[in-house]
Amino acid sequence: MRLATRILEAQQVPSDIAFDVAEHLVESDRMGYASHGISILPGYAQALAAKQIAADTHPALLRKRAGVQVWDGRRGFGQHIGKRVMAAAIEATRGDGHCILTLRDSHHLGRMGHYGEQVAAQGFVLLAFTNVTHRDPTVAAFGGAQARLTTSPLCFASPLPGRPPLVLDMATSTIALNRARVLAADGQPAPQGALIDAQGRPTTEPSVLFADPPGALLPFGGHKGYALGLVAELLAGVLSGGGTIQPAHPRGGLATNNVFAVLFNPAMAGDMGWQTSEASAFIDYLLACPPALGSSGVQYPGQYEADNLLRHRDHIELGRGSWERLAAPAKRLGVGVGAENSRKNRG
């Protein structure tokens, strides 16, 4: 984490914001999501140089009423903006039992599961929808040969006493755009059924997304993922005031996130002892399922991340392409990479 923090501070990012961003990125790598980890720092460096990110900006609370908070990210670093906004919503939930929040015009928020874990750690439940603006669409509409949507992720998180929290964090596309970027950088193919090229033909070559003209990601699950993407676009884009991907809005510049989220204290719903017992019995029932042929067994969402966190307790590993992309701006900024040049970064 020290390397990521130093790279940001070398670009005049205040220390508290640099820490929040670096912590979020490194945790993403530790959880097994290189697509949202420190490999994206070079893109942030370019955006900072072009003054597309307000490096020293904190979120602004525009309106606050009983159980509702309306925030503006003011184009600040999303990992800092998201952490601060979610912390405020957690405090509101602690007092009122719930909080509905909207956030508009934040720089890339990163891995949304990070905020789910932040909420679940306090014993609360989170449901969040996110959309992306200020960029070209990247996801094809179901039945279409061109992009009309973005990855529009949704996140659900809930505490599971005695176990890692249940955290569902998923793009409504088959894979995330940054996942495709990492695959392309490391010379690896995308999964079958994840992409089409600029002519609408299926492909496993992730670089088609960055060609001119570009290809497109496909929605997961056909019409079902497409429908969820529409819901995320409308909830996050319209209710936040940040706008949707429709072409009347600017598409140049840096990807911007808008959010619609609900936090809830499950104690408001009744007997917590019964809730804990029932949830535990249900998870036990799931995990006791015999494994399918060729499978290692059933997991619930969040176990994969918790297992990776233990595995990467004291280090993260980067692919060669990702490391080279990170080392270049570090050296340009005068930040020594030293022993980290093994591509096994110990923070």
Are the side chain of [X] and the backbone N or O of [Y] linked by a donor-acceptor pair below 3.5 Å?
X      : Y      : result
Ser28  : His24  : yes
Arg30  : His312 : yes
Asp29  : Ile38  : yes
Ser280 : Thr276 : no
Thr5   : Ala22  : no
Arg251 : Ile245 : yes
Ser158 : Val125 : no
Thr151 : Pro153 : no
Thr256 : Leu254 : yes
Gln303 : Tyr300 : yes

_Tyr33 and its side-chain hydrogen bond (donor to acceptor under 3.5 Å, both in side chains) partner, picked from Glu27, Arg179, Arg111, Glu305_ = Glu305
*asked:* Using the side-chain hydrogen bond (donor to acceptor under 3.5 Å, both in side chains) definition, which of the options Gln11, Gln52, Gln79 pairs with Tyr44?
replied: Gln79
For the [atom1] atom on [X], are there more than 12 heavy atoms of other groups (residues, nucleotides or ligands in this structure) within a distance under 6.0 Å?
X      : atom1 : value
His223 : NE2   : no
Gln146 : CD    : no
Gln199 : CD    : yes

I need the [X] [atom1] to [Y] [atom2] distance, nearest 0.5 Å.
X      : Y      : atom1 : atom2 : result
Thr203 : Leu209 : OG1   : CG    : 9.0 Å
Phe19  : Met1   : CZ    : CE    : 4.0 Å
Ile7   : Leu48  : CD1   : CG    : 11.5 Å
Thr244 : Leu149 : OG1   : CG    : 10.0 Å
Ser35  : Leu183 : OG    : CG    : 9.0 Å
Leu101 : Leu61  : CG    : CG    : 10.5 Å

*Indicate yes or no: does Arg6 engage Glu9 in a salt bridge with an N to O separation below 4.0 Å.*
no
*asked:* Could you check whether Arg75 pairs with Asp105 (Lys NZ or Arg NE/NH1/NH2 to Asp/Glu carboxylate O, under 4.0 Å)?
replied: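 Looking at Arg75 and Asp105, the cut-off is not met.
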*Apply the test ring-ring contact (aromatic ring centres under 6.0 Å, His included) to residues His36 and His114: give CA-CA distance (whole Å), side-chain angles for both, the deciding distance (0.1 Å), then the verdict.*
CA-CA 11 Å; His36 288 68; His114 187 95; over 10 Å; no
Measuring only between side-chain heavy atoms, which start at C-beta, is [X] closer than 4.5 Å to [Y]?
X      : Y      : value
Leu103 : Asn258 : no
Val208 : Pro214 : no
Arg311 : Asp307 : yes
Leu8   : Leu41  : yes
Ile53  : Val13  : no
Pro206 : Arg181 : no
Pro219 : Ser173 : no
Gln69  : Leu62  : no

Closest non-hydrogen atom pair, [X] against [Y]:
X      : Y      : value
Gly97  : Met268 : CA-CG, 3.7 Å
Gly76  : Thr57  : CA-CB, 4.0 Å
Leu218 : Ala140 : CD2-CB, 4.2 Å
Leu126 : Ala261 : CD1-CB, 4.0 Å
Lys83  : Asp20  : NZ-OD1, 2.8 Å
Ser240 : Thr102 : CA-CB, 3.8 Å

*Using the side chain to side chain contact (heavy atoms under 4.5 Å, CB included) rule, take Arg63 and Val68 through it: C-alpha gap first, then chi angles, then the decisive distance, then the call.*
CA-CA 8 Å; Arg63 287 187 294 282; Val68 178; over 6 Å; no
_Does His98 form a ring-ring contact (aromatic ring centres under 6.0 Å, His included) with Phe264? I'd like the steps, not just the answer._
CA-CA 4 Å; His98 72 281; Phe264 181 69; 7.7 Å; no
_Go through it in stages, so that I can follow the logic: the residues are Tyr115 and Thr130, the test is side chain to side chain contact (heavy atoms under 4.5 Å, CB included), and I'd like the CA-CA distance, side-chain angles, deciding distance and then a yes or no._
CA-CA 12 Å; Tyr115 310 111; Thr130 307; over 6 Å; no
Would a single hydrophobic cluster contain both [Y] and [X], if residues Ile, Leu, Val, Met, Phe, Trp and Tyr are joined by side-chain heavy-atom contacts under 4.5 Å?
X      : Y      : value
Val335 : Ile17  : yes
Met86  : Phe124 : yes
Leu154 : Val259 : no
Trp71  : Leu109 : yes
Leu160 : Leu168 : yes

_Show, in sequence, the C-alpha distance, side-chain angles and deciding distance for Gln122 and Leu263, and conclude whether the side chain to side chain contact (heavy atoms under 4.5 Å, CB included) test is met._
CA-CA 11 Å; Gln122 302 303 313; Leu263 288 78; over 6 Å; no
*What residues, two or more places apart in sequence or in another chain, satisfy ring-ring contact (aromatic ring centres under 6.0 Å, His included) together with His80?*
His58
Evaluate the ring planes of [X] and [Y], with Trp represented by its six-membered ring, and classify them as parallel (under 30°), tilted (30 to 60°) or perpendicular (over 60°).
X      : Y      : result
Tyr285 : Phe282 : tilted
His107 : Phe77  : perpendicular
Phe129 : Phe260 : tilted

*With a 3.5 Å cut-off and no angle check, do the side chains of Glu205 and Ser207 form a donor-acceptor pair?*
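Ser207 and Glu205 do have a side-chain donor-acceptor pair below 3.5 Å.
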*Is there a side chain to side chain contact (heavy atoms under 4.5 Å, CB included) between Arg94 and Asn265 once you walk through the steps?*
CA-CA 7 Å; Arg94 204 183 310 281; Asn265 182 352; over 6 Å; no
